[in-house]
J.: 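Let me begin by handing over the structure; questions about it come next.
In each ligand, atom 1 is the first atom listed, and ligand 1 is the first ligand listed. The structure displayed is predicted, hence computed values, not measured ones.
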Amino acid sequence: MKILVVGGAGYVGSHTVRLLQSQGHEVWVFDNFSRGHRESVPSRCLIEGNLTDRALLIEVMRDKEIDAVMHFAAFALVGESVQHPAMYYQNNVSATFELLEAMRSVGVWRFVFSSTTATYGQPEKMPISEDTPQNPINPYGFTKLVVERALEDYAHAYGFGVAALRYFNASGAAADGTIGEDHDPESHLIPIVLQVALGQRPNVSIFGNDYPTPDGTCIRDYIHVDDLASAHLAALMKLQPNSVLQMNLGTGVGHSVLQVVEACRKVTGHPIPTVDAPRREGDPACLIADSTKAQRELQWKPKYVAIEDIVSTAWKWHQSHPRGYAS
Ligand code: UDP
């Protein structure tokens, strides 16, 4: 297929691009590099542009005879979304609408969308299955939910075939260590812990130690970025006109912040000091995926389940790229 990967120079996008290319698909990356990295994808497939430029999107889709769009180009930080909601409504909702309208003009109907566990908010029951009510508790989660709803309507009214993939905590890096996670500033747990192991930070702050969890720290479901990529490919192959797939992508196993730090100590051999810090606003105590639906309907299974294996790939990337793509 000829696939337009919007936001393909970002973390999950770049790993998906690599997988799609390895499977023989023709891939075009559309990115404005506001958060993505040119170095993360082959330059021959790069198209620089903004999602708000509907005319350019239409031209690209026509010119490249695009069959499908994968959309990774969103802001994805909870705290930032609380402080700057306008950015989130503009980029995650309004710009996505331009993309959908460009597709509709050209007649491209296949769409795979990066959604998130943040659309569920703080559910009581674990693990989280797809029929858990979606009650987001921050603008980030809400912007993703708005797009999910729009996609249902586009599928129903305009014949789109869509997949909304609700990621849990994307983590790890390509097994060969050549591409990986690089955010500026970094706010995610595993890269921050590994920066301590590299000597770039003195310690890791543990955001809250009095949550209702066995060790008092938050529990998350860490899923390897290449497993997210393989789910995108599987979902793409399942798309049908007028249909909607909505799936959780996680391993089904939760790890607390302290367990992640311990796994990083084991992998790096570094003592990794921690300091207790206040809770981070908006953090649910526990998020674990029930991803049996994706496993059943996509015949997909995460290859990485052990947290040490996920951390090992991230460690390989961070060691070889201590300053990220600028290394
Ligand atoms: N966390 C932490 N210290 C840090 C960064 C993160 O204790 O320096 C915690 C955070 O509060 C959350 C978990 O680690 O409970 C995962 O956070 P991350 O930002 O990686 O992902 P999120 O779950 O927010 O998408």
J.: Tell me, which protein residue and heavy-atom name are nearest atom 16 (C) of ligand 1, and how many Å apart are they?
T.: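 Heavy-atom neighbour on the protein nearest atom 16 (C) of ligand 1: Tyr222 OH, 3.6 Å.
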
J.: Can you report which non-hydrogen protein atom sits closest to atom 22 (P) of ligand 1, along with the distance?
T.: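 Among all protein heavy atoms, the one nearest atom 22 (P) of ligand 1 is Asn169 ND2, 3.5 Å.
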
J.: According to the interplanar angle, ranging from 0 to 90°, do the rings of Tyr11 and His183 count as parallel (below 30°), tilted (30 to 60°) or perpendicular (above 60°)?
T.: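 Aromatic pair Tyr11/His183 classed perpendicular.
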
J.: In terms of side-chain heavy atoms, does Lys144 have a donor or acceptor partner in Gln134 at a distance below 3.5 Å?
T.: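 There is no such pair between these side chains.
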
J.: Judged by atom type as modelled, is there a donor-acceptor pair below 3.5 Å linking the side chain of Trp300 to the main-chain atoms of Asp227?
T.: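 Here the side-chain-to-backbone pair exists.
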
J.: Could you check whether Arg280 makes a cation-pi contact with Phe207, meaning its NZ or CZ is under 6.0 Å from the centre of the six-membered ring and within 45° of the ring axis?
T.: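 Checked: cation-pi criterion not met.
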
J.: Check Asp131 with Lys293, please: is the shortest side-chain N to carboxylate O separation under 4.0 Å?
T.: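 Salt bridge absent between Lys293 and Asp131.
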
J.: For atom 3 (N) of ligand 1, what is the nearest protein heavy atom, given as residue, atom name and distance?
T.: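 Going atom by atom, the protein heavy atom closest to atom 3 (N) of ligand 1 ends up being Ser205 O, 2.7 Å.
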
J.: What is the nearest protein non-hydrogen atom to atom 9 (C) of ligand 1, stated with its residue, atom name and distance?
T.: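 The protein heavy atom lying closest is Val257 CG2, 3.7 Å.
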
J.: Counting non-hydrogen protein atoms only, what is the nearest one to atom 15 (O) of ligand 1? Give residue, atom name and distance.
T.: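 Its nearest protein heavy-atom neighbour is Cys218 CB, 3.0 Å.
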
J.: I'd like to know if Asp210 and Arg279 make a salt bridge, using a cut-off of under 4.0 Å between side-chain N and carboxylate O.
T.: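 Here Asp210 pairs with Arg279 in a salt bridge, since their nearest N and O are under 4.0 Å apart.
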
J.: Test your reading of the model: is there a side-chain donor-acceptor pair from Ser115 to the backbone of Arg166, 3.5 Å cut-off?
T.: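 Not a single qualifying donor-acceptor pair exists.
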
J.: With heavy atoms of Ile192 as the reference, note each atom of ligand 1 found under 4.0 Å away.
T.: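 Answer for ligand 1: 8 (O).
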
J.: Looking at side-chain heavy atoms only, is the closest gap between Leu19 and Asp226 below 4.5 Å?
T.: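 Not in contact.
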
J.: Give me the ring orientation class for His232 and Tyr167: parallel if the planes are under 30° apart, tilted from 30 to 60°, perpendicular past 60°.
T.: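 Perpendicular: the ring planes of His232 and Tyr167 meet at over 60°.
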
J.: Looking at Ser187, which atoms of ligand 1 are within less than 4.0 Å of one of its heavy atoms?
T.: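 Under 4.0 Å from Ser187, ligand 1 has these atoms: 5 (C), 19 (O).
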
J.: Run down the list Tyr167, Phe207, Tyr140 and name the one with the heavy atom closest to atom 5 (C) of ligand 1.
T.: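 Looking at heavy atoms only, the winner is Phe207.
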
J.: Of all the non-hydrogen atoms in the protein, which one sits nearest to atom 11 (O) of ligand 1, and at what distance?
T.: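 Sorting protein heavy atoms by distance from atom 11 (O) of ligand 1 puts Asp283 OD2, 2.5 Å first.
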
J.: Can you tell me which residue and heavy atom of the protein come closest to atom 20 (O) of ligand 1, and the distance to 0.1 Å?
T.: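 Atom 20 (O) of ligand 1 sits closest to the protein heavy atom Leu189 N, 2.8 Å.
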
J.: At under 4.0 Å between heavy atoms, is it the side chain or the backbone of Ala118 that contacts ligand 1, or both, or neither?
T.: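 Answer for Ala118: neither.
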
J.: At a non-hydrogen distance cut-off of under 4.0 Å, which region of Tyr211 contacts ligand 1 (side chain, backbone, both, or neither)?
T.: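 The answer is neither; Tyr211 stays 4.0 Å or more away.
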
J.: For Ile206, is the nearest heavy atom under 4.0 Å from an atom of ligand 1?
T.: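 Yes, Ile206 has a heavy atom closer than 4.0 Å to ligand 1.
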
J.: Please write down residue, atom name and distance for the protein heavy atom closest to atom 24 (O) of ligand 1.
T.: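 Checking every protein heavy atom, the shortest distance to atom 24 (O) of ligand 1 gives Arg280 NH2, 2.6 Å.
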
